[in-house]
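These values consider heavy atoms only, across backbone and side chains, with no hydrogens, waters or symmetry-generated copies. So that the names make sense, note that chain A is the first sequence line, chain B the second, and so on, each numbered from 1.
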Amino acid sequence: MSGKGTEKDKMAEIYNHSEIEDKWTKIWEEHPVNTDDGKKPKYYCLDMFPYPSGAGLHVGHWRGYVISDVWSRYKMMNGYYIVHPMGWDAFGLPAENYAIQTGQHPRISTAENIRNIKRQVKQIGAIYDWDMELDTTDPAFYKWSQWIFVQLFKHGYAYEKEMPLNWCPHCRAVLANEEVVDGKCERCHSEVTKKNLRQWMLKITEFADRLLDGLDTLDWPEKVKKMQTDWIGRSFGAEVDFKIDGRDDAITVYTTRPDTLYGATFMVLAPEHALSAGLATPETKEAVDKYIADSANKSNVDRLQGKEKTGVFTGSYAINPLNGAKLPIWLSDYVLADYGTGAIMCVPAHDDRDFEFAKKFDLPIIQVIAKDGKEIEDMQEAYTEANGTMINSGDWNGMESAELKVKAPHYVEEKGFGKAKKNFKIRDWVFSRQRYWGEPIPIIHCPDCGAVTVPEEELPVLLPEVESYQPTDTGESPLAAIDSWVNCKCPVCGKDAKRETNTMPQWAGSSWYFLRYVDVHNDKALVSREKADKYLPVDMYIGGVEHAVLHLLYSRFWTKFLYDIGVVGFEEPFLKLFNQGMVLGPKGVKMSKSLGNVISPDDMIRDYGCDSLRLYELFIGPPQQDSAWDDRGIDGVYRFLCKFWNLVMENKDRDVKADTELIRIRHKLISTITQRLESFSLNTVVSGFMEFNNSLAKLPGVDRETLETYVILLSPFAPHIAEELWQQLGHDSSVFKAPWPEADSEAMKEDTIEVPVQVNGKVRATVSVPAEASKEEVLATAKEAVKDRLTGNLIKEIYVSGKIVNLVVK
RNA sequence: GCCGGUGUGUCGGAAUGGCAGACGAGGAGGACUCAAAAUCCUUUGGUGGCAACACCGUGUGGGUUCAAGUCCCACCACCGGCACCA
């Protein structure tokens, strides 16, 4: 019974994470630590905003948010005001599909999901500024998504086009090229088919050069830059006209290798090419028509790689403009209709695909670049490098291929049978979706005026209530069924007109949301130029690599457009990008609901607390690398926090004097943590803290300044415990108002150093020498320590200052 | 096929060309406990040895170097991206 009191007292002293975290969550809500005094420089640290799904967050989502919060707090303690917002990317298919399943309006389920996810996000303990919160489905937000569309339309960057589109029969939706993976729907993995539909397109291709060249200015992972570069796919070459034999018209081909023009031995057109059917002769007509029809029915998958090449001879010939050679014209589906001109000249000696086709159909092969200075006998594969001297090439003979490759387009242009040309792989952005849960496209179709934009003062065009969200088999949006909404007057001529019923793709809101955060309540502009100039662009953007191409490319495109029309004063929205790795399930497999291996942060927080989870998210592995969750791993960081707590509590009221050793440890801690933080090696920051904790715990006592330094350094990582201990150390103001400590390199210097001594590369002894000892002194001590082993001739003595001695004996 | 990335104990991982395996997890042994949990201490790459110690060891094979996980060459495996773009 007498033990009860002492036990209770003991309880009050041990680390009680939930009490501490609740306490500081409340205090920080009333007194935010990140404030804008108008004088501090800004630092914009952005998280990729989440889609508020019903499943909520798992520990993988947390990782990026923890990294960005640590970085934000560190910057904050270095004197910046941090723009650190959070919002919800809430339009899109999953909410709509969920609505269809449950009969619940997506607005209801979305609001519910946002509520839950916001609760979870708040548990991270991040310094998010909730006054900036936004939701892409809020009319006050999507008004400006629509406004941007109107501007794009007015500048000629939005247009309608009837085109065969990727159609997912299961989702009953048109998919962007970006949403088709291996010929299958990215979302439901059904086989994607083609369907002819009228679509809204955005001319991202007009920005292709700028999107490519802008990458050079960005501090992004090389991998992501490469992916965007490949996606944009710029190439330089020439368009060359080949007259059709016996006719007046010509076939224009695109080639990046006009240097090999003399090596062309046949031509291939895509089956869809406008001239294809007309090139057939009476003898070949049947075969040609059949080939064209078969190709039209083939799915994308069948036309892809791996399959043996097919083709049909049209019976017609083209004339090589350089030497008058007659080249048979073939059709084959290995030539893509929508790239270049849909027709190619074939140089089998110097192109793998042409070589394969020539071998299969027994077509001639003419080598025009000498490999290793000679003509290849019995060629087994194409020589594709532009490296060698030209042969069999008329007056080009003797020229260097590499040089000619650059000059040939201009040569062709001078001769008048073609022109220099650059091409891109990137296509215009299919911007309409035939679904309900998206921003209505602010266009009115008038029988007389055509497509006209909704006047800006009438924005937003509100998404109307609808009986059924079901997508239709015809590919029409569910909005088309609401007559009262569809029928309207033309804003130009006043006649009866109809609203556009397509909605925007999910990418719309995320393409510009980062601009809105800094002026989220503005109802006059999407962002005031003043605030844009003050707080934008984003200095650090943190999120998964899965958005390497689409989201990041679309955002850059819209930012460049908004720059052109003067809304913002910069062309690139995200100066630095960091891709955090995924958190995988316990066995290294991706977390998924169906596998039942999803780890919920809610459970972790209950058992270990926010600070432990934050530390473990960092400790789990290098931040840019995928890491497998280990349930027991979090015990380690939790134990560390308990020891840290005990260390500070046990020493805080003792009057310990710091000796040089303690001062050295303190400055080493500052130096190590700061360096590792700056280089984003966050996992080793945590292990660094553990190491220092272990060495401090071995000392008889720890002085106050070291304790305070320690608490400050740990605060960006484990904010709650740090703030509590800061208060326990007697401070009235927040630890986050404390400046980031600076390491003193003088104080870090050791008096004596341990130097390992190697003989022939193997460590045989370790000697203690004064830090200031000369090379000669160290070597003398070293030789003495290993004298038994220095039996032969000492042929080399190496001393790397402060590091190692190596004595080479023969 | 092309382009990236990765490869280190039982596991996650650490290491400006300078003592490989920090730190954590797990294991083993011990202390405390009637017992368990928690906590604390010791130990923990492999092989041989009672031991001091010796040898081997960072995917494989070569090379450069006094010294290589780290640099160079050739390969292998796994993961990711692109995929007939002329």
Measure all distances between protein nitrogen or oxygen atoms and nitrogen or oxygen atoms of nucleotides 24-28 of chain B, and list the pairs falling under 3.5 Å.
unit_1, atom_1, unit_2, atom_2, d
B:rG24, OP1, A:Asn694, ND2, 3.4
B:rA25, OP1, A:Arg639, NH1, 2.4

Dump the pairs, protein N or O against N or O of nucleotides 51-53 of chain B, anything under 3.5 Å, distances to one decimal.
none

For nucleotides 46-48 of chain B, print each protein N/O atom paired with a nucleotide N/O atom at under 3.5 Å, atom names and distance only.
none

Every protein N/O within reach of nucleotides 66-74 of chain B N/O, cut-off under 3.5 Å:
unit_1, atom_1, unit_2, atom_2, d
B:rC66, OP1, A:Lys796, NZ, 3.0
B:rC66, O2', A:Asn806, ND2, 3.2
B:rC66, O2, A:Asn806, ND2, 2.7

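Residues satisfying the side chain to side chain donor-acceptor pair (under 3.5 Å) test with A:Thr265, not counting sequence neighbours, are none. Checked against side chain to side chain donor-acceptor pair (under 3.5 Å), A:Lys407 has the following partners two or more places apart in sequence or in another chain: A:Glu403. The side chain to side chain donor-acceptor pair (under 3.5 Å) search around A:Glu784 returns A:Lys787, not counting sequence neighbours. With sequence neighbours excluded, no residue forms a side chain to side chain donor-acceptor pair (under 3.5 Å) with A:Glu385.
Among the heavy atoms of the strands lying under 4.0 Å from A:Ile344 is at least one base atom, whether or not backbone atoms are also near. At a threshold of 4.0 angstrom between heavy atoms, the contacts of A:Lys425 include nucleobase atoms, whether or not backbone atoms are also involved. When heavy atoms are screened at a 4.0 angstrom cut-off, A:Ser235 is found touching the sugar-phosphate backbone but no base atom.
Within the 3.5 Å criterion, the main-chain N or O of A:Val583 finds no donor-acceptor partner in the side chain of A:Ser627.
The closest side-chain donor-acceptor pair between A:Thr205 and A:Asp428 falls under 3.5 angstrom. Using modelled atom types, one finds no donor on one side chain facing an acceptor on the other under 3.5 Å when comparing A:Tyr638 with A:Asp611.
Relative orientation of the A:Phe357 and A:Phe361 rings is tilted, given thresholds of 30° and 60° on the angle between their planes. In this structure, A:Tyr254 and A:Tyr339 have perpendicular ring planes: the angle between them is above 60°, well past the 30° mark.
For the contact set between residues 676-684 of chain A and RNA chain B, defined by any heavy atom under 4.0 Å, the members are A:Asn683, A:Thr684.
Within 3.5 Å, a donor on the side chain of A:Lys309 pairs with an acceptor on the base of B:rC84, or the reverse.
Put simply, A:Lys405 has no side-chain N or O that comes within less than 4.0 Å of OP1 or OP2 on B:rA86.
Residue pairs meeting the side chain to side chain donor-acceptor pair (under 3.5 Å) criterion with at least one member in residues 219-229 of chain A, sequence neighbours excluded: A:Asp219-A:Lys576, A:Lys226-A:Asp230, A:Gln228-A:Arg556. Within the structure, salt bridge (charged side-chain N to carboxylate O under 4.0 Å, His left out) contacts touching residues 620-630 of chain A (residues at least two apart or in different chains) are A:Asp630-A:Arg632. Applying the salt bridge (charged side-chain N to carboxylate O under 4.0 Å, His left out) rule to pairs touching residues 790-800 of chain A yields A:Lys783-A:Glu797, sequence neighbours excluded.
A salt bridge links A:Asp338 with A:Arg427: at least one charged nitrogen is closer than 4.0 Å to a carboxylate oxygen.
In this structure B:rG12 sits in the anti conformation; its chi angle is more than 90° from 0.
For A:Ile753 against A:Ala771, the heavy-atom pair with the smallest separation is CG1-CA, 4.1 Å.
Of the C1' atoms belonging to B:rA14 and B:rG9, the separation is 13 Å, rounded to the nearest Å.
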